[in-house]
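First up is the structure itself, then whatever we jot down about it.
All heavy atoms count here, side chains included; hydrogens, waters and symmetry mates do not.
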4 protein chains.
Amino acid sequence: MKKRYETVVVGGGIIGASIAYHLAKAGIKTAVFESGEIGQKATRAAAGMLGAHAECDKPGTFFEFARASQKAYQRLEAELKQISGIDIRRRDGGILKLAFSESDRERLMQMAVLDSAEWLTPGEVYEKEPYAAKGILGANFIQDDVHVEPVSVCMAFAKGAKLSGADIFEYTPVTSIETGPGAVTVKTASGEAEAEHAVIASGVWSGVFFKQLGLNKRFYPVKGECLSVWNEGIPLNRTLYHDHCYIVPRHSGKLVVGATMKPGDWNEQPELGGIEAVIKKAKTMLPEIEKMKIDKCWAGLRPETEDGNPYIGRHPENGRILFAAGHFRNGILLAPATGAMITDMILGRPVKKTWEEAFQAERKEAVNR
Amino acid sequence: MKKRYETVVVGGGIIGASIAYHLAKAGIKTAVFESGEIGQKATRAAAGMLGAHAECDKPGTFFEFARASQKAYQRLEAELKQISGIDIRRRDGGILKLAFSESDRERLMQMAVLDSAEWLTPGEVYEKEPYAAKGILGANFIQDDVHVEPVSVCMAFAKGAKLSGADIFEYTPVTSIETGPGAVTVKTASGEAEAEHAVIASGVWSGVFFKQLGLNKRFYPVKGECLSVWNEGIPLNRTLYHDHCYIVPRHSGKLVVGATMKPGDWNEQPELGGIEAVIKKAKTMLPEIEKMKIDKCWAGLRPETEDGNPYIGRHPENGRILFAAGHFRNGILLAPATGAMITDMILGRPVKKTWEEAFQAERKEAVNR
Amino acid sequence: MKKRYETVVVGGGIIGASIAYHLAKAGIKTAVFESGEIGQKATRAAAGMLGAHAECDKPGTFFEFARASQKAYQRLEAELKQISGIDIRRRDGGILKLAFSESDRERLMQMAVLDSAEWLTPGEVYEKEPYAAKGILGANFIQDDVHVEPVSVCMAFAKGAKLSGADIFEYTPVTSIETGPGAVTVKTASGEAEAEHAVIASGVWSGVFFKQLGLNKRFYPVKGECLSVWNEGIPLNRTLYHDHCYIVPRHSGKLVVGATMKPGDWNEQPELGGIEAVIKKAKTMLPEIEKMKIDKCWAGLRPETEDGNPYIGRHPENGRILFAAGHFRNGILLAPATGAMITDMILGRPVKKTWEEAFQAERKEAVNR
Amino acid sequence: MKKRYETVVVGGGIIGASIAYHLAKAGIKTAVFESGEIGQKATRAAAGMLGAHAECDKPGTFFEFARASQKAYQRLEAELKQISGIDIRRRDGGILKLAFSESDRERLMQMAVLDSAEWLTPGEVYEKEPYAAKGILGANFIQDDVHVEPVSVCMAFAKGAKLSGADIFEYTPVTSIETGPGAVTVKTASGEAEAEHAVIASGVWSGVFFKQLGLNKRFYPVKGECLSVWNEGIPLNRTLYHDHCYIVPRHSGKLVVGATMKPGDWNEQPELGGIEAVIKKAKTMLPEIEKMKIDKCWAGLRPETEDGNPYIGRHPENGRILFAAGHFRNGILLAPATGAMITDMILGRPVKKTWEEAFQAERKEAVNR
């Protein structure tokens with residue numbers, strides 16, 4: 001079987017699923033090749049914070065791109081529910097970036113200048129979240145940094161793409177991507193597919209394809225270990241955040257807590273020591289969490305790049321190849337904007353110059369974050 | 001420790017949790033005693049259809065009560081999310097009661113006279129749900145028979161009650177309820193509680209307390225076996241229903257399918273033969289389901305009474321004792337109205353005469369369904 | 001349905017199942033009434049150490065009873081496999097009771113006088129278990145303190161009983177035990193059973209029946225939280241033990257680690273703080289465990305009595321009633337001897353005087369442990 | 001990091017793990033590269049029958065190889081327990097190949113001539129297994145066709161290899177195997193390894209490497225769906241087998257039931273229709289199974305080759321490359337003999353000529369089965 005598509009997407013995580021969704025809706029005949037199941041790797045492991053502010057220490061191009069993506073979720077919530085029947089469980093409430101020290105406070109103040117951020121005194125914090133740990137020096141409150149359920153978003157994108165005509169091939173690892181004059185060929189154990197364009201969206205596993213295609217960029221895993229508990233007794237309406245750790249109150253009644261940062265570890269299972277570290281950290285933000293029932297433990301690999309920013313763009317020497325990978329801690333947040341940007345590129349629509357430059361493979365320097 | 005409450009509720013399923021929620025919100029000092037965990041018995045097993053029409057063959061008192069409860073969910077959805085942070089995942093779309101035979105059609109027509117029901121020709125059915133099985137003779141479409149996630153509702157009620165001051169005791173089976181002149185005493189392995197009123201809301205396990213208190217009414221289990229699958233590929237927006245079986249499209253992307261009817265079976269585990277029967281039945285309504293990935297299998301006990309209707313009311317000879325049990329297939333649907341009705345009785349507010357008569361223990365005849 | 005048996009056993013944990021097994025094998029028509037599923041409460045939570053020495057600080061009656069039970073497992077392993085087809089996964093290797101301090105050493109030395117125990121120097125310990133934590137002062141090595149899989153033992157007892165003619169009623173909580181001149185009657189929601197004898201074997205939940213029957217003894221839960229990890233890389237052949245915590249190497253390749261001690265907590269779910277404590281403790285005995293993959297977390301209730309010893313015997317004023325409950329940390333270890341002793345009592349066979357006195361309800365003082 | 005080994009094994013299923021175990025024990029510095037976790041693909045899905053006779057209709061080379069492997073398990077059981085601490089749960093009892101029709105009977109009679117097989121009349125069958133379905137015409141009883149727990153075997157091999165000095169890399173998919181004059185290089189996302197020899201042991205996913213290395217042989221998946229139930233009540237000591245389906249009584253008290261045959265399906269998840277088929281089939285062999293509690297459902301991919309036999313041998317033109325893949329339904333059975341044979345080849349020890357010819361890539365015709 002040699003199948004023919006306009007675009008093939010390599011990777012069925014939230015980035016690949018978003019790209020397929022945007023392409024299929026635009027009428028492009030699309031296929032997704034996923035080695036396992038849709039959304040079951042880094043996507044599943046994510047907490048789902050749309051932390052445009054949470055992940056940035058100051059404004060800039062990255063922040064602007066993140067904000068655009070964050071806003072797209074407002075529209076997508078209803079759209080995906082209508083098309084796919086799946087609710088992505090977007091929950092507002094926002095995030096409290098807690099300051100436990102003077103240096104925390106100074107750093108957080110840099111973002112507090114934005115209209116979308118608000119500096120709260122300790123008293124104001126405890127009024128909003130009376131169970132936050134004692135002793136904080138204030139918090140940056142960002143109403144817009146809401147959260148979603150990553151697997152639901154990914155499944156909604158994939159099903160939406162399918163119902164618009166895309167093919168989704170699960171359990172179909174791509175073994176090579178080859179380009180010729182007339183088409184790009186994607187090879188798998190169960191057959192090949194040809195297409196006008198191929199998009200590499202394989203998270204931290206994208207490096208192999210980059211190398212095959214002469215893109216000299218590397219990806220590094222940063223493993224994160226997480227857990228969830230049942231919050232049956234206390235009010236908690238906002239995500240608590242400190243030092244890259246978070247406690248996210250889900251609409252299901254669970255709190256999702258994460259995450260460790262283990263660079264270079266490719267193993268996707270949570271280790272006992274990592275879980276201990278997460279518990280310890282969670283208690284510093286929310287002491288009551290110690291009494292809650294444990295639900296699950298898990299881990300996932302954040303795809304890190306050399307400068308910390310994703311590669312989103314087109315192969316400099318081969319117009320058939322595009323890429324969208326390396327979103328590090330921000331895959332869920334950036335999925336809508338990434339899907340839209342890749343679709344615009346394939347369709348020849350205009351793309352914002354600053355974004356194109358910031359995320360191209362051959363960029364000179366790191367984007368300001 | 002002898003604790004003192006205004007009301008104690010015996011049973012932490014959706015009925016008990018709803019009662020506690022309504023009481024606590026009204027300022028009544030309430031405690032719930034649950035033998036295991038909140039909502040983990042019959043509540044967990046339910047599909048969550050708010051099938052006011054689905055469960056009735058003709059209008060009458062029961063239908064009227066069911067409709068009131070169904071409507072209450074509209075308000076509760078936002079209220080519970082706001083108070084407890086938990087989303088009950090109410091999903092509209094309605095239900096299609098399919099007719100596969102002439103006798104199906106005739107029976108379904110009895111309800112189609114209602115404003116809230118609409119008779120659809122086969123062509124109209126397939127336009128709405130193109131994957132419904134071939135060969136149907138039409139369907140009764142009820143827009144208002146939506147569904148919710150039962151465990152989420154129950155946890156939201158319980159947490160809402162708690163945040164309004166109620167105590168929830170999990171893993172605390174009540175071993176006896178004793179009434180004296182000044183109070184009713186509820187005994188457990190870990191201590192006793194006294195209260196002005198006790199409400200028996202223990203589902204099919206209520207019979208023991210009824211007997212202890214001189215109420216000569218029995219409860220019978222009707223076991224139901226269910227399963228869920230992942231619907232990744234086809235549109236299905238409405239519940240399909242035939243012959244007490246259903247396929248419910250959840251907002252998570254799963255389809256919930258059930259259920260067998262096994263009277264007299266107290267075992268809460270699904271048997272292989274029951275699961276086979278559910279699969280077979282599901283295929284008659286939705287042939288494509290055969291290709292879907294299986295997610296889970298489970299079972300639960302519907303609490304059946306002598307005449308098929310719940311007992312909701314006050315002990316005829318002992319004003320301290322109330323009961324709300326025996327909701328059979330309709331526990332999720334009737335939980336809001338039941339909670340409100342019991343609360344009204346305890347507070348001495350007026351209760352609709354027809355409802356009181358229909359659900360009292362000493363009723364003469366079965367309510368017309 | 002009123003059923004008639006020679007003996008009814010109230011409780012289907014490992015104690016009740018052992019009693020039923022021994023009775024049924026002796027030709028006694030027996031029934032077990034279990035509120036949930038066989039072996040799914042305290043039995044499931046146990047690590048399965050047969051720690052006759054581990055649990056005793058000095059020789060005495062308790063130790064002697066424990067040793068008899070421990071030895072019975074040798075025979076039962078083959079017998080249960082033959083009768084029920086279930087392998088109880090008895091694993092030898094023994095236990096190392098580690099001394100981390102001088103006071104540890106002194107206490108452990110008291111047991112080292114026994115022939116079955118052997119004092120090891122640090123060098124000898126590391127030769128046996130090179131991954132044991134640095135800095136220990138020696139260990140008491142007890143070859144005979146092996147372990148089994150508790151749920152497998154319990155299921156094997158229950159199935160063995162069934163295949164010898166016993167009836168096992170799951171999901172059948174007993175609500176009262178009543179004695180009359182001709183029989184004892186056991187009542188449940190689904191009917192009653194009459195018998196010559198009833199045996200209370202309901203673990204920490206036995207208190208209710210004791211009270212009903214005029215036995216003025218109480219039971220207290222001591223909750224224990226546990227976890228398991230996959231040991232894929234290091235040799236560990238012996239249980240490590242210190243300060244009531246243990247790391248048990250199972251034949252499945254998992255290590256079972258436990259347990260916290262939370263007196264008075266009836267909730268059977270593990271809390272986050274408890275799991276953190278278990279991890280911390282495990283690292284003090286086996287630092288490498290920090291790198292292992294977490295498998296599961298769980299909790300269970302040890303049934304504690306006033307003096308720490310189980311009640312095994314006959315009601316002083318009512319010959320029809322027997323009891324076997326309150327085994328605290330030693331339910332798995334003592335199940336065979338308890339089952340045999342109760343069976344001997346019911347059959348009128350001689351029972352060791354010291355054991356009878358040590359475990360009777362009306363004993364004067366605590367058994368020496 | 002460029003690592004250097006004597007042999008690298010590509011694939012950490014039971015075949016790769018057995019090879020690594022045999023090599024490491026022989027003192028060869030070995031590494032295993034596994035894309036996910038050890039033994040979690042086809043190995044996990046297998047029932048674990050050592051069906052040397054079950055899988056053959058007549059004697060021949062394949063049968064002889066299978067018998068040798070089956071016998072090796074007797075020794076391995078104790079050896080692996082001793083070295084790795086893991087019990088592979090080998091269970092004897094044998095298999096009953098049931099005849100439901102005259103043609104069944106004739107076919108089965110072909111094997112009954114062997115000393116290791118015994119033809120039983122219906123009466124003899126029911127004496128051994130009274131719950132076997134009524135109406136059978138006899139059965140071929142093979143005492144030696146015992147079974148093991150596949151994941152335990154695989155983990156024991158892997159841990160045994162590790163404790164003998166091998167490195168096991170989980171979550172490390174090999175992306176290419178390249179051969180040069182001095183070494184073979186195995187590339188992965190996390191780095192490269194060089195070795196004297198590489199062994200391809202990637203089951204149905206081996207085709208990609210075969211192609212890369214100029215071996216023109218293909219692999220096809222034949223998906224099998226399975227389930228397990230708890231047998232709490234009836235005696236069943238022998239595997240029941242008919243028409244490539246089986247009911248295997250495990251030492252845990254579960255029955256494992258399988259499996260469907262779906263050629264060409266690469267998806268590793270069980271579908272609802274497949275599970276229905278398995279239930280239906282199981283009932284024809286053991287009607288009582290319908291009342292048993294369902295435990296789990298799963299699926300796996302059998303690696304099928306063009307002629308149905310595995311490729312075990314050396315690349316005809318490249319002495320550094322060996323392969324051991326395509327074991328179809330017989331991976332568990334053949335793992336020991338395969339591991340030993342590959343090790344012999346690498347060490348230059350003599351290998352049985354008939355086996356070498358039967359399993360080499362360039363064989364002329366199918367092995368007689």
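- A pairwise comparison of heavy atoms in D:Glu232 and C:Lys159 identifies O-CG, 3.6 Å as the closest pair.
- Within a 6.0 Å sphere centred on OH of C:Tyr126, heavy atoms belonging to other residues, nucleotides or ligands number more than 12.
- Between chain C and the residues D:Glu149, D:Lys293, D:Arg250, the largest count of heavy-atom pairs under 4.5 Å involves D:Lys293.
- If you measure heavy-atom distances from D:Ile88 to chain C, you find no contacts under 4.5 Å at all.
- Across D:Ser152, D:Gly233, D:Ser252, the residue that shares the most heavy-atom pairs under 4.5 angstrom with chain C is D:Gly233.
- Rounding to the nearest 0.5 Å gives a distance of 11.5 Å between NZ of C:Lys254 and CD1 of D:Ile86.
- Of the listed residues C:Asn231, C:Ile38, C:Val151, C:Ile168, the one with more heavy-atom pairs under 4.5 angstrom with chain D than any other is C:Asn231.
- For C:Lys162, the part sitting under 4.5 Å from any heavy atom of chain D is the side chain, from C-beta outward, and nothing else.
- For chain C, the nearby parts of D:Pro235 are the backbone and the side chain; heavy atoms of each come within less than 4.5 Å.
- Counting heavy atoms of neighbouring residues, nucleotides and ligands inside a 6.0 Å radius, atom NZ of D:Lys291 does not exceed 12 of them.
- Of the two parts of C:Arg91, only the side chain, counted from C-beta on, holds a non-hydrogen atom closer than 4.5 Å to a non-hydrogen atom of chain D.
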